[in-house]
Peer 1: 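Sharing a structure here in structure tokens format.
This is a predicted model, so every value here is computed, not measured.
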Amino acid sequence: MSMQNKLISIGEAAHLLGLSIDTLRRWDAMGQLSSIRIGPRGHRFYRQSEIMHYLQSFEVTAREWAESVNPIEPSSDVYCWTRDVFQARLEKMQSKLSKIISTETVSLIVAVAGEIGNNSYDHNLGNWSDIPGIFFSYSLRNRKIVLADRGQGILTTLKRVRPELVNSREAIKMAFTETISGRYPETRGNGLKFVRSIIIKNPFSLYFQTGDAQLYLKKGDDELIIKQTETFIQGCFAVISFEELL
């Protein structure tokens, strides 16, 4: 049977997506990700091809939300409206990762994701452009984590202490290379410098965009690769990829 027609159980689908079975049942009822009912008891099965498509599309969904001119609140399964919600889901991700990746690697991955996510709350409190909180989702199968916010972005944040900054490319370089200040709220650069130190020493990669500037960073990169983008993100958008399975 081809992957296009192959059916997998709801348990298999939940494992691949890194979601709970209850979440998939709820999505089914909402029509967000429909199942196929089989047997007298109506057990839920999913087309493997549709699950694989979703694994590829959640990154696109996060980017579209971050870029949108007229955004709507994301699905509650990926929307962390407060820091407490984000921390709880980060801990849940950590628990799932610990089953497939070494403890040391899990700690580093969670540290990177936690730093980027917490930055959003630290630097946008009371200053969200429209929808507060962050988009946070991940795929264990693809070993990928996505975070996005609709905050002020790095340029606006750093201009408070470095008014000479004129564009997002300069701001993103400063954030990932310089220690700015230990006083709130000017600590964004310190956190991202920490993120960089982890990425370049481990089998991880990071795509990061703010404003019209993007950074791609991977293990062993001594130089930052920063380019101007055609799209604009007022806040921040990040994709963390990782390797090293047990």
Side-chain angles (χ1 to χ4, degrees), residues 1-68 71-82 84-103 105-106 109-110 112-114 117 131 133-149 203-205 207 237-246:
M1 181 182 294
S2 68
M3 189 179 75
Q4 183 70 26
N5 297 316
K6 183 179 179 181
L7 298 179
I8 59 177
S9 70
I10 188 171
E12 291 176 286
H15 176 72
L16 289 174
L17 295 171
L19 299 171
S20 69
I21 290 176
D22 286 342
T23 293
L24 285 187
R25 287 173 178 153
R26 185 166 63 254
W27 283 12
D28 191 5
M30 295 168 56
Q32 184 170 340
L33 188 60
S34 298
S35 69
I36 297 171
R37 298 296 190 94
I38 296 178
R41 295 186 179 182
H43 292 301
R44 289 178 171 89
F45 288 82
Y46 291 83
R47 288 189 175 87
Q48 186 173 351
S49 59
E50 292 183 6
I51 299 300
M52 299 309 295
H53 175 73
Y54 179 84
L55 288 173
Q56 298 296 329
S57 67
F58 78 98
E59 180 180 337
V60 175
T61 301
R63 173 179 284 281
E64 289 178 345
W65 178 73
E67 295 176 356
S68 177
I72 61 174
E73 187 175 292
S75 162
S76 60
D77 298 283
V78 296
Y79 177 43
C80 301
W81 52 94
T82 67
D84 288 345
V85 174
F86 172 60
Q87 290 298 328
R89 294 183 178 174
L90 192 65
E91 290 174 7
K92 186 174 182 179
M93 182 186 75
Q94 182 174 6
S95 176
K96 291 182 177 180
L97 284 174
S98 66
K99 298 176 182 178
I100 61 171
I101 299 177
S102 68
T103 301
T105 302
V106 170
I109 293 169
V110 171
V112 170
I131 299 176
I134 66 173
F135 184 110
F136 172 51
S137 189
Y138 54 92
S139 165
L140 300 185
R141 182 182 179 87
N142 289 2
R143 302 191 287 280
K144 185 176 292 186
I145 302 165
V146 175
L147 303 103
D149 72 62
F204 310 151
S205 67
Y207 173 89
F237 170 77
V239 180
I240 304 162
S241 299
F242 54 93
E243 298 178 7
E244 206 244 284
L245 291 184
L246 287 175

Peer 1: Quick check for you: to the nearest 0.5 Å, what is the distance between Trp81 atom CH2 and Glu73 atom CD?
Peer 2: 8.0 Å
Peer 1: Tell me, please, which residues at least two apart from Arg37 pass side-chain hydrogen bond (donor to acceptor under 3.5 Å, both in side chains).
Peer 2: none
Peer 1: Identify the two heavy atoms, one from Ala148 and one from Ala62, that lie closest to each other, and give their separation to 0.1 Å.
Peer 2: CB-O, 4.1 Å
Peer 1: Rounded at 0.5 Å granularity, tell me how far OG1 in Thr61 sits from CZ in Arg63.
Peer 2: 12.0 Å
Peer 1: Please give me the minimum heavy-atom distance between Phe242 and Ile101, naming the atom from each residue.
Peer 2: CE1-CD1, 3.2 Å
Peer 1: Looking only at heavy atoms, which two atoms of Leu33 and Tyr46 are closest? And how far apart?
Peer 2: O-CE2, 3.6 Å
Peer 1: Please name all residues satisfying salt bridge (charged side-chain N to carboxylate O under 4.0 Å, His left out) with Arg89, sequence neighbours left out, ordered by chain then number.
Peer 2: none
Peer 1: Could you work out, with side-chain hydrogen bond (donor to acceptor under 3.5 Å, both in side chains) as the rule, every residue matching Ser75, not counting sequence neighbours?
Peer 2: Asp77
Peer 1: With sequence neighbours left out, what residues match Ser35 under side-chain hydrogen bond (donor to acceptor under 3.5 Å, both in side chains)?
Peer 2: Asp28
Peer 1: Go through the structure and list residues passing side-chain hydrogen bond (donor to acceptor under 3.5 Å, both in side chains) with Ser68, not counting sequence neighbours.
Peer 2: none
Peer 1: Between Ser95 (side chain) and Lys92 (backbone), is there a donor-acceptor pair under 3.5 Å?
Peer 2: no
Peer 1: Distance check, rounded to the nearest 0.5 Å: Ile100 atom CD1 versus Leu140 atom CG?
Peer 2: 5.0 Å
Peer 1: Can you list the residues that meet the side-chain contact (heavy atoms from CB on, under 4.5 Å) rule with Glu64, with sequence neighbours excluded?
Peer 2: Val60
Peer 1: Can you see which heavy atom on Cys80 is nearest to which on Phe136, and at what distance?
Peer 2: SG-CB, 3.9 Å
Peer 1: Can you list the steps and then say if Arg143 with Phe204 is a side chain to side chain contact (heavy atoms under 4.5 Å, CB included)?
Peer 2: CA-CA 10 Å; Arg143 302 191 287 280; Phe204 310 151; over 6 Å; no
Peer 1: Output all residues satisfying ring pair (Phe, Tyr, Trp, His ring centres under 6.0 Å) with Phe135, sequence neighbours left out; order by chain, then residue number.
Peer 2: none
Peer 1: Could you list the residues that satisfy ring pair (Phe, Tyr, Trp, His ring centres under 6.0 Å) with Phe45, not counting sequence neighbours?
Peer 2: none
Peer 1: Are the side chains of Phe86 and Ile134 in contact, using a 4.5 Å heavy-atom criterion?
Peer 2: yes
Peer 1: Could I get the full list of side-chain contact (heavy atoms from CB on, under 4.5 Å) partners for Thr82, not counting sequence neighbours?
Peer 2: Asp84, Val85
Peer 1: If you round to the nearest 0.5 Å, how far is NZ of Lys6 from OG of Ser49?
Peer 2: 11.5 Å
Peer 1: For Arg25, which residues count as a side-chain contact (heavy atoms from CB on, under 4.5 Å) partner, sequence neighbours excluded?
Peer 2: Ile10, Ile21, Asp22, Arg44
Peer 1: How many angstroms lie between atom CG of Asp149 and atom CD1 of Ile131, to the nearest 0.5 angstrom?
Peer 2: 11.5 Å
Peer 1: Closest approach of Ser34 and Glu50, non-hydrogen atoms and distance?
Peer 2: O-OE1, 4.0 Å
Peer 1: Do the side chains of Leu7 and Arg47 get nearer than 4.5 Å, heavy atoms only?
Peer 2: yes
Peer 1: Among all residues two or more places apart in sequence or in another chain, which pass the side-chain contact (heavy atoms from CB on, under 4.5 Å) test with Gln87?
Peer 2: Arg83, Leu90, Asn118
Peer 1: Between Val146 and Phe58, is there a side-chain heavy-atom distance shorter than 4.5 Å?
Peer 2: yes
Peer 1: State the CG-CD1 distance between Leu97 and Ile109, to the nearest 0.5 angstrom.
Peer 2: 5.5 Å
Peer 1: Quick one: ring pair (Phe, Tyr, Trp, His ring centres under 6.0 Å) partners of Trp65, sequence neighbours excluded?
Peer 2: none
